[in-house]
Amino acid sequence: MPEFQSVRGFHDLYGEELKKFKHVSNLIREKLRVYNFEEIILPVVEYAEVFQRSIGEATDIVQKEMFTFQDRKGRWLALRPEGTAGAVRAYVQNKLYALKPYVKVFYEGPMFRYERPQAGRYRQFHQIGVEVFGSLDPVVDAELIQLVYEILSELGVNVVIEINSIGCKVCRPSYREALVNYLESVEGHLCEVCYDRKDRNPLRVLDCKVPTCKEAVKEAPKMVDYLCQECKDHYSKLKDYLSLLSIPYRENPYLVRGLDYYTKTVFEAVSTDLDITVIAGGRYDYLVEELEGPPTPAVGFAVGLERLSMLLKEIPPEEPLYFVAPFGDVMDYSLAVAKALRLEGRRVELSYRKGGLRKQLEFANKLGARYVVIVGDEEKAGGFYTLKDMETGEQFRIEFSPAM
RNA sequence: GAGAGCGUAGCUCAGCUGGCAGAGCAGUGGACUGUGGAUCCACGGGUCGCGGGUUCGACUCCCGUCGCUCUCCCCA
């Protein structure tokens, strides 16, 4: 075991893994450009209170998953466990609402949660977060889900998009009460875990995997039946839009999110291969106000980049590599050739190791070169180089005069 | 926070009821000084995760510890 190791749950990203990661990131950024979202770069550290207020004091994220520490003046700071809270803080602090009728932003970067690492779970992981501030229109929810759908389709991953409405200040309390009442009436049939969570996180009981719980919960009240008129309209309008856009989705009346700030629409994209959530989001109409901003409805979602990358099977091939292979006393000439090719915009590697032509061709293979630019005494003397296609074996003589 | 599995060469892993630490792949050199992927030969490489115990003797058995992986809770 190496003497120095990265901290548990903190990983180096490189090689093939990074290529997938970048492919996902680039594709999403291109989508966001088309949808006219503007980037905002947010700090990785906020006052801990920003998260406590937004995510909710009682949630697992705040209670046991935050990296918190004190600065020299004793104030509590935290590494961000998610992006929305900071985005809202920035929206309020910079008064972004004063600039435009509504605001569409995205951010990309690391998030931190103190959890036990396992498949698709890291203590430092990366998200792209997308937020729309200032519209209550369900068309925004629909467009965000459309965006999610397009991202996932173009990446070619097998997922299902689930949606639900969890109501608002008006209707959610009565539902929660009804649900807890119901759960108490069947508590004898619940597993140990669910018995505990029926008060703490009652909605979670609804998608417990234990068969007896599943059975006990069949007759449980559903949020959709308790929605107030406004929430009901919002939800049905959303579904109309999704149908109009031909976006396949599955209604999951038991879909909940682990953060307190959500209202009305919540949605998730779940991998059908690995049973992990890769994108999740929803509406949070009270959060801006909660962080001392003007009452402003908002919706957003976050993409887990590692999770999405690990579902990718194939990534597009890289552009061809030209390997400049000098042998003999021709390094000056080779430098000139490499420079000229690079100025044409080609991807060029100049061999840094000596060896005969055979050796150079071996190096070229190991580096995955598509073309080898053969430069020997003949080439230098004759004012040309030999271009070899490593796939077909064909060779071409290319005239060249060094102009360094 | 609870549970399970695994730590032997750069990688993947053998190594039996304790008896000289191995293979394949990768690497380097050569066969082969202007033509690669193939083949053959040679070579380099290890605190068997770490610490303790049992034993004449521990990679092997026992205890502890650290690390990794996975599951639950929860989540991107």
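Convention: sequence-line order gives letters A, B, ...; per-chain numbering from 1.
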Among A:E230, A:E251, A:K264, the one residue meeting side-chain hydrogen bond (donor to acceptor under 3.5 Å, both in side chains) with A:Y235: A:E251
Pairing partner of B:G1 (Watson-Crick or G-U wobble, both distances under 3.5 Å): B:C72
Verdict with supporting geometry, A:K388 and A:E394, salt bridge (charged side-chain N to carboxylate O under 4.0 Å, His left out): CA-CA 6 Å; A:K388 181 182 179 78; A:E394 290 176 300; over 6 Å; no
Distance between C1' atoms of B:U8 and B:A21 (Å, rounded): 8 Å
Basic-acidic side-chain contact under 4.0 Å: A:R123, A:E115: no
Interatomic distance, A:E115 CD vs B:C74 P [rounded to whole Å]: 11 Å
G-U wobble or Watson-Crick pairing nucleotide for B:G29 (cut-off 3.5 Å, both distances): B:C41
Heavy-atom check, side chain of A:R283 versus side chain of A:S165, under 4.5 Å: no
Which nucleotide in B:G36, B:U35, B:A76 has an atom nearest any side-chain atom of A:R121: B:A76
Evaluation steps, ring pair (Phe, Tyr, Trp, His ring centres under 6.0 Å), between A:Y91 and A:F133: CA-CA 8 Å; A:Y91 175 81; A:F133 297 102; 4.2 Å; yes
Stretch residues 8-17 of chain A: residues that reach within less than 4.0 Å of RNA chain B through a heavy atom: A:R8, A:H11
Touch class at under 4.0 angstrom, heavy-atom based, for A:A119 against every strand present: sugar-phosphate
With 3.5 Å as the limit, what N/O pairs link the protein to nucleotides 1-3 of chain B?
none

Protein-to-nucleotide contact annotation, 5' to 3' order, nucleotides 39-44 of chain B [B base; S sugar-phosphate only; - none; under 4.0 Å, heavy atom]: ------
Integer angstrom distance from the C1' of B:C66 to that of B:G10: 23 Å
Face-to-face stacking of A:F327 with B:G34, centres under 5.5 angstrom, angle under 30°: no
Salt-bridge contact A:R121-A:E306 (side-chain N to carboxylate O under 4.0 Å): no
Whole-Å gap separating C1' (B:A76) and OH (A:Y262): 10 Å
Residue matched to B:G36 through Watson-Crick or wobble contacts both under 3.5 angstrom: none
Identity of whatever pairs with B:U17 - Watson-Crick or G-U, under 3.5 angstrom: none
Closest to side chain of A:R113, choosing from B:U35, B:C75, B:U71: B:C75
Sugar-phosphate only, base, or nothing, as touched by A:D60 at under 4.0 Å among non-hydrogen atoms: sugar-phosphate
Side chain to side chain, A:L312 and A:H23, heavy atoms closer than 4.5 Å: yes
Base paired to B:G67 (Watson-Crick or G-U; both N/O distances under 3.5 angstrom): B:C6
Side chains of A:F125 and A:L305 in contact at under 4.5 Å (non-hydrogen atoms): no
Rounded distance (Å) that lies between atom P of B:A76 and atom CG of A:L155: 19 Å
A:E379 CD - B:U35 P separation (whole Å): 12 Å
pair A:I61-A:R113: side-chain heavy atoms closer than 4.5 Å: yes
B:G3 and B:G15, which share atom name P, separated by this distance in whole Å: 30 Å
Span that lies between the P atom of B:A31 and that of B:G24, in whole angstrom: 23 Å
Any side-chain heavy-atom pair of A:N158 and A:K313 under 4.5 Å: yes
No-H, no-angle donor-acceptor pair, A:R358 side chain to B:C32 base, under 3.5 Å: yes
Anything under 3.5 Å between a protein N or O and an N or O of nucleotides 25-29 of chain B, put it in a table, one pair a line.
unit_1, atom_1, unit_2, atom_2, d
B:U28, OP1, A:R353, NH1, 3.4

Within the 6.0 Å centroid threshold, strictly below: A:Y114 and A:F67: yes
Spacing of A:Q5 atom CD relative to B:U65 atom P, expressed in whole Å: 18 Å
Side-chain donor-acceptor contact under 3.5 Å, A:T296 with A:E289: no
Single hit among A:E379, A:R397, A:Q395, A:E378 for side-chain hydrogen bond (donor to acceptor under 3.5 Å, both in side chains) with A:T386: A:E379
Nearest-Å distance for atom pair CZ/P, residues A:F323 and B:G37: 14 Å
Distance, rounded to the nearest Å, where A:F125 contributes CZ and B:C74 contributes P: 17 Å
Over 12 non-hydrogen atoms of neighbours within 6.0 angstrom of CD in A:E219: no
Aromatic contact, A:Y322 with A:Y371 (centres under 6.0 Å): yes
Touch class at under 4.0 angstrom, heavy-atom based, for A:I374 against every strand present: base
Identified side-chain contact (heavy atoms from CB on, under 4.5 Å) partner of A:L152 from the options A:V159, A:L311, A:V303: A:V159
Sugar-phosphate, base or nothing in reach of A:G328, heavy atoms under 4.0 Å: nothing
A:P173: side-chain contact (heavy atoms from CB on, under 4.5 Å) partners, not counting sequence neighbours: none
Integer angstrom distance from the C1' of B:A76 to that of B:A38: 46 Å
Separation of atom CD in A:E108 from atom P in B:A76, rounded to whole Å: 17 Å
NZ/NE/NH1/NH2 to OD/OE distance under 4.0 Å, A:E318 and A:K19: yes
Mutual orientation of the aromatic rings belonging to A:H11 and A:Y122 [parallel < 30°, tilted 30-60°, perpendicular > 60°]: perpendicular
Integer angstrom distance from the C1' of B:C59 to that of B:A9: 14 Å
Sugar-phosphate only, base, or nothing, as touched by A:E82 at under 4.0 Å among non-hydrogen atoms: nothing
Interface with RNA chain B, restricted to residues 264-279 of chain A and to heavy atoms under 4.0 Å: A:T277, A:V278, A:I279
Touch class at under 4.0 angstrom, heavy-atom based, for A:Q124 against every strand present: nothing
Inter-nucleotide P distance (B:G19, B:C48), Å rounded: 16 Å
Donor/acceptor link under 3.5 angstrom from A:Q360 side chain onto base of B:G34: no
P gap between B:U47 and B:G57, integer Å: 24 Å
Euclidean distance, A:I151 CD1 relative to A:Y35 OH, rounded to 0.5 Å: 8.5 Å
Closest-nucleotide ordering on RNA chain B, the 5'-leading residue of A:P117 and A:E378: A:E378
